[in-house]
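Right, one structure below, let's go through it.
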Amino acid sequence: MKTVFITGANKGIGFETAKQLAQSGYFVYLGSRDKTNGLEAIKKLNELGITNVDTITIDIADINSVRQAGHELEAKISSLDILINNAGIAGELPQDFTTVTIENLRRIFDTNFFGTVQTTQAFLPLLKKAGQASIINISSEVSSIAMRTEPGRNLNLDKYNAYSSSKTAINAFTVMLANELHDTGISVNSVTPGYTATDLNQFQGVKTVEEGAAPIVKLATGGHPGANAKFFMDGGEVAW
């Protein structure tokens, strides 16, 4: 049975992704910043008849927590097939770069970018032992430079410049890490769930969590064979 570790998986898109992958026959480890919330998520899945799941406490913005989570997973499994870097925060508004506070910007990057990088580094040894493995970074279409420079762009996106730029950094990380790992058997890709109704956006999104998880699950289960250093959405590839 293939193994998956998903950060921020006790709720929202992360939880739904865990559910769908577990239902597809994967053993899924749900990363949760709070142990109680992680156990509650496992209970909900168990009540649905899903038992091929477990939870590990991890705060991706805390290097000690990340290292502890890595050690805990190493004690449970000998290799990891898929790492899904899902955990992230939206940050406070306003986020336009003429007024955003450095404290807000730094807090967003500490989780969304630096947290993702240090989590990936911690779990790379287990991924390398799998032979063929996959790293999936959850991004957003608002990170796309191409979309932001096209005529008729949505000016409302500028409200979330700090969040968006952290995801642009994630996309750069995806490509550069994929290049670094090109001869290891580990693929690295970004995927956006789309504007999904979760507490990240006060449930204002237009997609359900089931719809938001779909492109992530498709990528995780081989729906884009051979893909590496790519950016996907439910309609196909996204321009960087």
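Just so it is clear, the structure is predicted and the values come from calculations on it, not from any experiment.
For the atom pair Ser140 OG and Met147 CE, the distance stands at 8.5 Å (nearest 0.5 Å). To the nearest 0.5 Å, the span separating NE2 on His224 from OG on Ser187 amounts to 11.5 Å. Atom OH of Tyr26 and atom CG of Asn52 lie 12.0 Å apart (nearest 0.5 Å). Note that the CZ atom of Phe114 and the CZ atom of Arg106 stand 9.0 Å from one another [nearest 0.5 Å]. The distance from the CG atom of Leu80 to the CD1 atom of Ile82 is 8.0 Å, given to the nearest 0.5 Å. We find the OG1-CD distance between Thr101 and Glu92 to be 7.0 Å, quoted to the nearest 0.5 Å.
The minimum heavy-atom distance between Phe109 and Ala169, with the atom names listed, is CE2-CB, 4.0 Å. Of all the heavy atoms in Ser165 and Phe97, the pair that sits closest is OG-CZ, 3.6 Å. Residue Val188 comes nearest to Asn228 through the heavy atom pair N-OD1, 2.8 Å, listed as atom of the first residue, atom of the second, then distance. For the pair Arg33 and Thr57, the tightest heavy-atom approach, listed with the atom from each and the gap, is O-CG2, 3.6 Å. Among all heavy-atom pairs drawn from Ala239 and Ser144, the shortest one is O-OG, 2.7 Å. Heavy atoms only, all atoms of each residue included: Asn179 and His182 are closest at O-ND1, 2.8 Å.
Side chains of Asn10 and Glu40 form no contact here, defined as non-hydrogen atoms less than 4.5 Å apart. Under the 4.5 Å side-chain criterion, counting only non-hydrogen atoms from C-beta, Phe232 is not in contact with Lys218. Using a 4.5 Å cut-off on side-chain heavy atoms (C-beta onward), Lys11 and Asn37 make no contact. Here the side chains of Val4 and Asp81 are not in contact, with every heavy-atom distance at 4.5 Å or above. Side-chain atoms of Ile145 and Trp240, non-hydrogen and from C-beta on, never get closer than 4.5 Å to each other. Looking only at side-chain heavy atoms (C-beta outward), Phe5 and Ile58 come within less than 4.5 Å of each other. Within the 4.5 Å cutoff, the side chain of Ile77 has heavy atoms near those of the Tyr29 side chain. The closest side-chain heavy-atom distance from Val175 to Phe231 is not below 4.5 Å.
Note: the hydrophobic cluster containing Val191 does not contain Met176 (ILVMFWY, side chain heavy atoms under 4.5 Å, direct or indirect links). By the criterion of side-chain heavy atoms lying less than 4.5 angstrom apart, applied directly or through intervening Ile, Leu, Val, Met, Phe, Trp or Tyr residues, Leu39 is not grouped with Val53; the two fall into different hydrophobic clusters.
Of the possible donor and acceptor atoms, one in the side chain of Gln95 sits under 3.5 Å from a partner among the backbone N and O of Tyr163. In this structure, Thr119 contributes its side chain and Thr116 its backbone to no donor-acceptor pair below 3.5 Å. A donor-acceptor pair under 3.5 Å links the side-chain atoms of Asn86 to the main chain of Thr7, judged by distance alone. Judged by distance alone, the side chain of Lys167 and the main-chain N or O of Ile138 form a donor-acceptor pair under 3.5 Å. The main-chain N or O of Ile108 is never found under 3.5 Å from a side-chain atom of Thr111 such that the two would form a donor-acceptor pair. Formation of a donor-acceptor pair under 3.5 Å by the Thr184 side chain with backbone atoms of Leu181 is found in this model. Under a 3.5 Å cut-off, the side chain of Asp234 and the backbone N or O of Gly212 do not form any donor-acceptor pair. Distance alone, capped at 3.5 Å, is enough to place a donor-acceptor pair between the Asn189 side chain and the Lys230 backbone. A donor-acceptor pair is defined here as one N or O able to donate and one able to accept, closer than 3.5 Å; such a pair exists between the side chain of Thr3 and the backbone of Ser79. Proximity of a side-chain donor or acceptor of Asp96 to a complementary backbone N or O of Val100 within less than 3.5 Å is not detected.
Using a cutoff of 4.0 Å between basic side-chain nitrogens and carboxylate oxygens, Lys44 and Glu47 are not scored as salt-bridged.
Of the candidates Leu30, Ile13, Val28, Ile6 forms a side chain to side chain contact (heavy atoms under 4.5 Å, CB included) with just one, namely Val28.
Looking at Ser139 and Asn137, their side chains never bring a donor and an acceptor atom within 3.5 Å of each other. There is no side-chain donor-acceptor pair under 3.5 Å between Glu72 and Gln68. One side chain, Ser190 or Thr174, offers a donor N or O that lies under 3.5 Å from an acceptor on the other. A side-chain donor-acceptor contact under 3.5 Å links Thr120 and Asn85. A side-chain donor from one of Ser164 and Arg148 sits under 3.5 Å from a side-chain acceptor of the other.
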| query | Should Leu177 and Ile186 be marked as a side-chain contact (heavy atoms from CB on, under 4.5 Å) after you check the CA-CA gap, both sets of side-chain angles, and the distance that decides it? | reply | CA-CA 10 Å; Leu177 183 63; Ile186 301 174; over 6 Å; no
